[in-house]
Amino acid sequence: MKNSFQICKYLVVPLNKYSQEDLIEKGDELSAIFILNKLKSSSDFKHSKEIPEDYWNQLTKNTPPHILRLMGSVFSAFLHTINVPAEEINDLTDHITRRQFNMMFDSFEAYDVQETRRVSREEGEQLYLIKQIIKKIIKNISVSQIATDLLEPLDTIQPIYDLAMKQAPDFDAEKILNLLSLNNSIK
């Protein structure tokens with residue numbers, strides 16, 4: 001029995017050396033895969049909306065279905081890395097296989113699930129802190145003692161304390177959280 005070996009050559013493409021404009025100029029399916037592959041975070045996606053509509057229209061006319069499926073797989077992999085729910089991934093990648101690239105970009109709201117969870121967790125922790133402060137205010141504990149008891153810096157406790165005191169005796173922890181968020185966004 002004779003051994004047969006097939007020799008394959010691989011070409012390493014330094015993708016980071018190509019700008020989005022360089023890839024758009026190529027105007028082919030490989031450039032589109034590279035564009036999709038360059039997406040590393042949800043914030044990168046907003047740059048995809050800057051791609052001329054003509055670029056995507058040209059691809060939709062000429063790309064074979066099996067290449068569209070490959071492009072959908074690349075995009076799907078990106079969406080998985082930012083924890084987009086599976087059903088939404090399917091909806092977004094379906095736009096590729098149906099040759100509706102522009103609709104895909106219109107329907108994708110760039111977000112990072114991890115960032116959303118982090119913000120929600122922080123808000124939950126802050127809401128808990130506000131409720132603890134309210135309980136201590138009801139017991140007539142001073143702001144400096146509250147900071148000491150909760151092991152928090154006074155400059156963290158003071159703004160919450162001040163907002164809560166303005167509401168006394170009808171405390172609303174959610175309203176205080178919203179006011180704190182508003183005040184922080186103004187600064």
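Looking at Val143 and Ile137, their side chains never come closer than 4.5 Å, going by heavy atoms from C-beta outward. Between Phe171 and Ile138 there is a side-chain heavy-atom pair separated by less than 4.5 Å.
To the nearest 0.5 angstrom, Asp170 atom CG is 9.5 Å from Lys175 atom NZ. Summarising the geometry, atom CD belonging to Gln126 is positioned 5.5 Å from atom CG belonging to Leu180; distances are rounded to the nearest 0.5 Å. Atom-to-atom distance recorded for Leu182:CG and Leu163:CG is 10.0 Å, nearest 0.5 angstrom. The distance from the CD atom of Gln167 to the CG atom of Asp172 is 5.5 Å, given to the nearest 0.5 Å. Distance check, rounded to the nearest 0.5 Å: CE of Met165 to CD of Gln158 gives 10.5 Å. Considering CD1 of Ile133 and CD1 of Ile160, their distance stands at 4.0 Å, rounded to 0.5 Å.
The list of salt bridge (Lys or Arg N to Asp or Glu O under 4.0 Å) pairs with a residue in residues 153-166, not counting sequence neighbours, is empty.
For OH of Tyr18, the number of neighbouring non-hydrogen atoms (other residues, nucleotides, ligands) closer than 6.0 Å is 12 at most. Crowding of Glu25 atom CD: a count of heavy atoms from other residues, nucleotides or ligands under 6.0 Å not exceeding 12.
Remark: Glu125 engages no residue in a side-chain hydrogen bond (donor to acceptor under 3.5 Å, both in side chains) (not counting sequence neighbours). By the side-chain hydrogen bond (donor to acceptor under 3.5 Å, both in side chains) test, Asp22 is found to be paired with Ser19, residues two or more places apart in sequence or in another chain being considered. For Pro169, the side chain to side chain contact (heavy atoms under 4.5 Å, CB included) criterion is met by no residue, not counting sequence neighbours. For Ser31, the side chain to side chain contact (heavy atoms under 4.5 Å, CB included) partners are Leu23, Lys26, Asp28, Tyr55, not counting sequence neighbours. Residues passing the side chain to side chain contact (heavy atoms under 4.5 Å, CB included) test with Asp94, sequence neighbours excluded: Thr97, Arg98. Listed by chain and number, the residues in a side-chain hydrogen bond (donor to acceptor under 3.5 Å, both in side chains) with Thr63 are Glu29 (sequence neighbours excluded). Listed by chain and residue number, nothing satisfies the salt bridge (Lys or Arg N to Asp or Glu O under 4.0 Å) test with Glu21 (two or more places apart in sequence, or in another chain). For Lys135, the side chain to side chain contact (heavy atoms under 4.5 Å, CB included) criterion is met by Gln132, not counting sequence neighbours. Listed by chain and number, the residues in a side-chain hydrogen bond (donor to acceptor under 3.5 Å, both in side chains) with Glu174 amount to none (sequence neighbours excluded).
Tyr128 and Ile141 are not part of a single hydrophobic cluster, where members link through side-chain heavy atoms under 4.5 Å apart.
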Would you give me the side-chain donor-acceptor pairs under 3.5 Å for residues 64-74, sequence neighbours excluded?
unit_1, atom_1, unit_2, atom_2, d
Ser73, OG, Arg69, O, 3.2

Check residues 145-152 and write down every donor-acceptor pair under 3.5 Å in which the side-chain atom is one partner and the other belongs to a residue at least two apart or another chain.
unit_1, atom_1, unit_2, atom_2, d
Gln145, NE2, Asp149, OD1, 2.5
Thr148, OG1, Ser144, O, 3.0

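The two atoms that bring Ile89 and Ser76 nearest to each other are CG2-OG, 3.4 Å, heavy atoms only. Counting all heavy atoms, side chain and backbone alike, Leu154 lies closest to Pro159 at O-CD, 4.5 Å. Between Ala164 and Ile134, the closest heavy-atom pair is CB-CG1, 4.4 Å. Among all heavy-atom pairs drawn from Trp56 and Ile51, the shortest one is NE1-CG2, 3.2 Å.
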